[in-house]
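Report on one structure; see the data block that follows.
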Amino acid sequence: MKMGTSAVILTKKDKYSPEQLLADIIVTAFHSDVALYFYNNKTYTNEGTFQYTTLNINRKSSTGDKESSFIFHIHSISSPSTEFYYHEDLGLDTSE
């Protein structure tokens with residue numbers, strides 16, 4: 001049985017770019033001991049606007065053939081999924 005945990009990468013929305021995040025992931029995977037799987041399957045809204053794409057980062061275990069996988073969703077700037085509402089729970093300053 002495989003299990004997963006969701007996570008969010010926090011960044012300032014005015015500095016976020018899906019293209020730059022994708023480029024950073026590709027460069028990081030290139031310099032790491034991981035495999036990057038990107039099919040370039042994009043999801044669009046009913047209006048035809050880019051919504052998100054998905055990629056997988058995989059790493060084989062050094063102790064066997066078990067593989068760890070990280071599924072990464074890259075959302076558009078206008079996606080409701082890029083909104084973050086838990087600032088107080090994490091003690092983050094919303095004025096920055």
Side-chain angles (χ1 to χ4, degrees):
M1 179 171 161
K2 295 187 181 204
M3 299 180 68
T5 302
S6 295
V8 176
I9 296 174
L10 300 177
T11 188
K12 295 183 186 240
K13 191 166 186 171
D14 61 339
K15 294 184 179 183
Y16 173 73
S17 159
E19 295 86 357
Q20 187 60 53
L21 180 57
L22 182 58
D24 291 345
I25 292 169
I26 291 169
V27 170
T28 301
F30 176 77
H31 292 290
S32 303
D33 188 24
V34 297
L36 174 68
Y37 297 102
F38 179 60
Y39 182 66
N40 202 18
N41 186 19
K42 298 181 250 346
T43 301
Y44 293 89
T45 64
N46 290 337
E47 293 78 31
T49 305
F50 170 71
Q51 191 171 11
Y52 71 91
T53 189
T54 304
L55 54 86
N56 294 350
I57 300 172
N58 296 340
R59 180 172 182 229
K60 284 199 171 193
S61 169
S62 59
T63 59
D65 62 349
K66 292 184 180 176
E67 191 174 86
S68 299
S69 183
F70 181 47
I71 301 169
F72 210 106
H73 300 280
I74 300 176
H75 290 268
S76 71
I77 293 171
S78 61
S79 172
S81 297
T82 60
E83 295 296 332
F84 186 75
Y85 304 99
Y86 304 103
H87 298 89
E88 286 183 17
D89 295 345
L90 299 174
L92 299 174
D93 184 0
T94 59
S95 66
E96 292 184 24

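- By the side chain to side chain donor-acceptor pair (under 3.5 Å) test, S32 pairs with no residue at all, sequence neighbours left out.
- Interatomic distance, Q51 CD to I74 CD1, rounded to the nearest 0.5 Å: 14.0 Å.
- Hydrophobic cluster membership is shared by I26 and L55, with clusters built from Ile, Leu, Val, Met, Phe, Trp and Tyr side chains linked at under 4.5 angstrom.
- Note on I57 and L22: same hydrophobic cluster, where clusters join Ile, Leu, Val, Met, Phe, Trp and Tyr whose side-chain heavy atoms are under 4.5 Å apart, directly or indirectly.
- Atoms CG and CZ, from N56 and F38 in turn, are 11.0 Å apart once rounded to the nearest 0.5 Å.
- Scanning for ring-ring contact (aromatic ring centres under 6.0 Å, His included) contacts around F72 gives F70, with sequence neighbours left out.
- Contact between V34 and R59 at its shortest, heavy atoms only, is CG1-CB, 4.1 Å.
- Between atom OG1 of residue T28 and atom CG of residue L21 there is a gap of 9.5 Å, rounded to the nearest 0.5 Å.
- When only modelled atom types and interatomic distance are considered, E19 and S17 share a side-chain donor-acceptor pair under 3.5 Å.
- Scanning both residues, F50 and H75, for their nearest heavy atoms gives CE2-C, 4.2 Å.
- Panel note: side chain T53, backbone N41; a donor-acceptor pair is recorded below 3.5 Å.
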- Before giving the answer on side-chain contact (heavy atoms from CB on, under 4.5 Å), spell out for T54 and T43 the whole-Å C-alpha distance, their side-chain angles and the decisive distance to 0.1 Å. CA-CA 9 Å; T54 304; T43 301; over 6 Å; no

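- In terms of the ring-ring contact (aromatic ring centres under 6.0 Å, His included) criterion, Y44 has no residue partners (sequence neighbours excluded).
- Closest approach of S76 to P18, counting heavy atoms only: CA-CG, 3.9 Å.
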